[in-house]
Amino acid sequence: ELPACLGDWGLQYLALKRLDLLQNLPASLSRLTSLETLLIKNCSTLQELPAMGVITRLTSLTLIDCALKRLPCFGGLIALRRLTLGNLCNLMRLPSSIGKLSGLHTLTICGCNRITELPSIGSLLSLATLYIENCALQELPTSITVLTSLQTLVLASLPKLQALPACIGALTTLTQLTVCDCGITEVPSSIESLTKLRTLWLGTQAAAPQDGR
């Protein structure tokens, strides 16, 4: 258990790793108004996070290998630039407040194998990189096609994903598109409109070149 006075320390960087007995974080976490980076990794019994909406300087949030069943509202994290969610196997859904992170630059969702859908993300107009791997995602929200800053879209190991949005060609800023080990059998004809595309990878990870490009 972490001390309740944690929120009084004026921290800018907080990393919690391999705390196997940690089940909850103190509510005082929300008082870390100077916090810029929060990394929580390999906390195998951590099931819940306190409210975080007032941590308005937070720019990077990483949650990996935890037992989290739900996530708090993220709507107040107005400075957040990078959000990484990895191997959160108990997490059933993402909060709709993710769609309010207007300053978000990079969103990574990996190994969250109970996630079947994304919330509306059409307001993430600063999003440049979207990486989704090894989830139960069944479809992409149509709102993805209005992400006017998106440059990199990676969809990997999503066997239940059957199709790309028909209007994916609206992502005219896209320079990299990777679709591998998914259930997609046909690429929309609108892909012809992706005139800035420099890297296109369709197929399986086993077919990847040695240099990873």
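Between atom CD1 of residue Ile144 and atom CG of residue Leu171 there is a gap of 6.0 Å, rounded to the nearest 0.5 Å. With rounding to the nearest 0.5 Å, the separation of CZ in Arg57 from CG in Leu35 is 10.5 Å. The structure places OG of Ser120 at 8.0 Å from CG of Leu124, a figure rounded to the nearest 0.5 Å. One finds the CG atom of Leu58 at 9.5 Å from the CZ atom of Phe74 (value rounded to the nearest 0.5 Å). Within the model, atoms CG of Leu83 and CG of Leu77 stand 9.0 Å from one another, a figure rounded to the nearest 0.5 Å. Distance CG/Leu104 to CZ/Arg82: 9.5 Å, rounded to 0.5 Å.
Using modelled atom types, no side-chain atom of Ser149 and backbone atom of Ala128 make a donor-acceptor pair closer than 3.5 Å. Between the Thr175 side chain and the Leu197 main chain, no donor and acceptor come within less than 3.5 Å of each other. Of the possible polar contacts, none joining the Ser34 side chain to the Gln12 backbone as a donor-acceptor pair under 3.5 Å is found. At distances below 3.5 Å, at least one donor-acceptor pair connects side-chain atoms of Thr45 with backbone N or O atoms of Asp20.
The salt bridge (Lys or Arg N to Asp or Glu O under 4.0 Å) analysis of residues 109-136, with sequence neighbours excluded, yields no pairs. For the side-chain hydrogen bond (donor to acceptor under 3.5 Å, both in side chains) condition, no pair includes a residue of residues 183-197, sequence neighbours left out.
Residues Ile40 and Leu22 have side chains not in contact (no heavy-atom distance under 4.5 Å, counting atoms from C-beta outward). The shortest side-chain heavy-atom distance between Asn42 and Lys17 does not fall under the 4.5 Å cut-off. A heavy-atom distance below 4.5 Å is not found between the side chains of Ile132 and Ile115. The side-chain heavy atoms of Pro95 and Ile98, taken from C-beta on, include a pair separated by under 4.5 Å. Counting heavy atoms from C-beta outward, Ser44 and Asp65 have side chains that stay 4.5 Å or more apart. By the 4.5 Å heavy-atom criterion applied to side chains, Leu101 and Leu107 are not counted as neighbours. Using a 4.5 Å heavy-atom cutoff, the side chains of Leu16 and Leu25 are in contact. Residues Leu29 and Leu14 have side chains in contact (heavy-atom distance under 4.5 Å, counting atoms from C-beta outward).
Here the shortest heavy-atom pairing between Ala170 and Thr145 reads CB-O, 3.6 Å. Considering every non-hydrogen atom in both Ala51 and Ser30, the closest pair reads O-CB, 3.2 Å. A pairwise comparison of heavy atoms in Leu155 and Cys182 identifies O-SG, 3.6 Å as the closest pair. Looking at every heavy atom in both residues, Ile121 comes nearest to Leu147 through O-CD2, 3.1 Å.
Tyr13 belongs to a hydrophobic cluster whose other members, connected by ILVMFWY side-chain contacts under 4.5 Å either directly or through intermediates, are Leu39.
Cluster annotation: Leu19 and Leu32 are assigned to the same hydrophobic cluster (Ile/Leu/Val/Met/Phe/Trp/Tyr, side-chain heavy-atom contacts under 4.5 Å, transitive).
Contact check on Arg70 versus Glu48 returns a salt bridge, with a Lys/Arg side-chain nitrogen under 4.0 Å from an Asp/Glu carboxylate oxygen.
Other residues, nucleotides and ligands contribute at most 12 non-hydrogen atoms within 6.0 Å of the CD atom of Glu139.
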